[in-house]
S.K.: 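Starting off with a structure, shown below.
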Amino acid sequence: MVETIEWTPAGVVMIDQTRLPLHQEFVTCRNYEEVATAIRDMIIRGAPAIGVAAAMGVAIGVQQASETELDAQVETICDTLARTRPTAVNLFWAIDRMQRLYTSLRGAPLADIRARLIEEACLIREEDIEINRAIGRHGAPLVPDHKTVLTHCNAGALATAGYGTALGVIRAARESGKQIDVFADETRPFLQGARLTVWELQQDGIPTTLITDNMAGHFMKAGRIGCVVVGADRIAANGDVANKIGTYSVAVLARENGVPFYVAAPISTLDLTLTSGDQIPIEQRPASEVTHMYGNLVAPEGTEVQNPAFDVTPSRYVTAIITENGVARAPYEQSLKQVKSA
Ligand code: MRU
């Protein structure tokens with residue numbers, strides 16, 4: 001499996017997810033502005049992965065900052081990284097963790113501050129892989145054997161530092177000996193399912209079938225789907241889940257057809273400061289993502305477009321939320337607090 005993101009002496013190296021699966025190219029970000037651009041342009045994407053990128057962005061920014069007015073420079077670095085994508089809370093969680101570490105180091109020699117920030121960013125990356133393995137361990141028993149798992153978007157190794165959240169559950173279920181295969185929604189308009197999920201599962205030899213987003217209901221009704229597992233970008237205190245646009249439709253279809261709908265996410269995706277999903281900011285992406293495919297116009301010139309990148313699934317459709325600390329079920333107000341403090 002290729003590395004999604006790495007700290008190297010040359011800079012922050014990421015696989016370019018806008019070029020997959022046809023091209024395996026790597027981008028080296030040599031300063032924090034380049035990291036911010038990579039997040040905004042979705043060279044790196046997926047909630048935990050952009051958290052790691054932001055942490056490395058803070059670290060690389062401080063390597064290049066000067067001693068005078070360091071606080072103000074750190075503020076600018078963090079603000080720039082925070083203004084890239086609004087929905088996934090992992091971005092803000094990671095920036096906040098780096099900022100708090102910086103504050104605790106005030107007064108130390110600049111060389112020490114720099115070294116500690118690199119160390120912390122790399123630790124966030126390492127921890128993420130461990131967290132995903134724990135999510136997998138908790139989630140694997142929920143996946144029915146000899147069945148097909150439907151997933152939406154890409155919540156895999158590419159969306160994290162490695163192993164994945166939703167795809168981590170699928171990987172762990174396979175590692176535990178379950179004979180499962182995967183249906184991947186293509187995930188219009190950015191095609192994370194077609195381009196990224198199918199590609200990464202094929203690398204692992206996990207049998208995967210690509211379907212278009214509007215086919216999910218058809219296959220559920222035909223009894224072909226054993227359960228749905230998706231990732232999340234932000235989860236409110238009441239269990240409402242923001243995830244890739246189209247997730248809500250999948251959840252409603254799952255309920256209608258009696259298919260369990262699971263969300264796999266790290267604790268860093270919980271935003272218990274928000275009482276409900278209505279308060280989650282939804283990113284609006286450029287119209288060209290909808291009007292164009294691979295650079296080709298597929299709608300009449302000048303067409304009015306809406307392109308929200310995420311939707312919110314009300315918690316009543318969520319069978320369970322799988323975290324590294326265990327599985328939360330309704331009522332989520334209590335269970336999410338419990339898993340968070342476990
Ligand atoms: O716009 P993206 O590709 O960053 O959206 C990604 C998703 O919605 C994922 O499902 C989510 O971030 C979870 S990734 C483990």
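In listed order, ligands and their atoms are each counted from 1.
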S.K.: For Y163, does the six-membered ring have the charged nitrogen or CZ of R133 within the cation-pi criterion, i.e. under 6.0 angstrom from the centroid and within 45° of the normal?
M.R.: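 Satisfied, under 6.0 Å and within 45°.
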S.K.: Number the atoms of ligand 1 from 1 as they appear, then name those within less than 4.0 Å of a heavy atom of A47, with their elements.
M.R.: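 Per the distance check, 12 (O), 14 (S).
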S.K.: With a 4.0 Å heavy-atom cut-off (strictly under), which part of F190 contacts ligand 1: side chain, backbone, both or neither?
M.R.: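 F190 to ligand 1: no contact under 4.0 Å from either part.
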S.K.: Just by distance, with hydrogens left out, do E33 and T80 show a side-chain donor and acceptor under 3.5 Å apart?
M.R.: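 E33 vs T80: no donor-acceptor pair found between side chains.
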S.K.: For the residue pair Q17 / R45, report whether a side-chain donor-acceptor contact shorter than 3.5 Å exists.
M.R.: yes
S.K.: Under the 3.5 angstrom rule, does the side chain of Q24 hit a backbone N or O of L20 as a donor-acceptor pair?
M.R.: no
S.K.: Is it the side chain (CB and beyond), the backbone, both or neither of C153 that lies under 4.0 Å from ligand 1, heavy atoms counted?
M.R.: side chain
S.K.: Go through the steps for S276 and N238 under the test side-chain hydrogen bond (donor to acceptor under 3.5 Å, both in side chains), then give the verdict.
M.R.: CA-CA 6 Å; S276 99; N238 68 346; 4.6 Å; no
S.K.: Any N or O on T160 sitting closer than 3.5 Å to an N or O of ligand 1?
M.R.: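 Checking ligand 1 against T160, no N or O pair falls under 3.5 Å apart.
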S.K.: Applying a heavy-atom cut-off of 4.0 Å, say which part of A166 lies close to ligand 1: side chain, backbone, both or neither.
M.R.: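 Looking at A166 and ligand 1, no heavy atom falls under 4.0 Å.
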S.K.: With a 4.0 Å cut-off on heavy atoms, is P48 in contact with ligand 1?
M.R.: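 A heavy atom of P48 does come that close to ligand 1.
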S.K.: Going by the atom numbers of ligand 1, which of them fall below 4.0 Å from some non-hydrogen atom of K244?
M.R.: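 Close to K244: 1 (O), 2 (P), 5 (O), 8 (O).
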S.K.: Show the atoms of ligand 1 that are less than 4.0 angstrom away from any heavy atom in T165.
M.R.: 15 (C)
S.K.: Between H152 and ligand 1, which part of the residue brings a heavy atom under 4.0 Å of the ligand: side chain, backbone, both or neither?
M.R.: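 Within the 4.0 Å criterion, H152 makes no contact with ligand 1.
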S.K.: Tell me, please, which residues at least two apart from E175 pass salt bridge (charged side-chain N to carboxylate O under 4.0 Å, His left out).
M.R.: none
S.K.: Please verify whether a non-hydrogen atom of M42 lies at under 4.0 Å from ligand 1.
M.R.: yes
S.K.: Assess whether a salt bridge exists between R285 and E283, defined as any Lys/Arg side-chain N lying under 4.0 Å from an Asp/Glu carboxylate O.
M.R.: yes
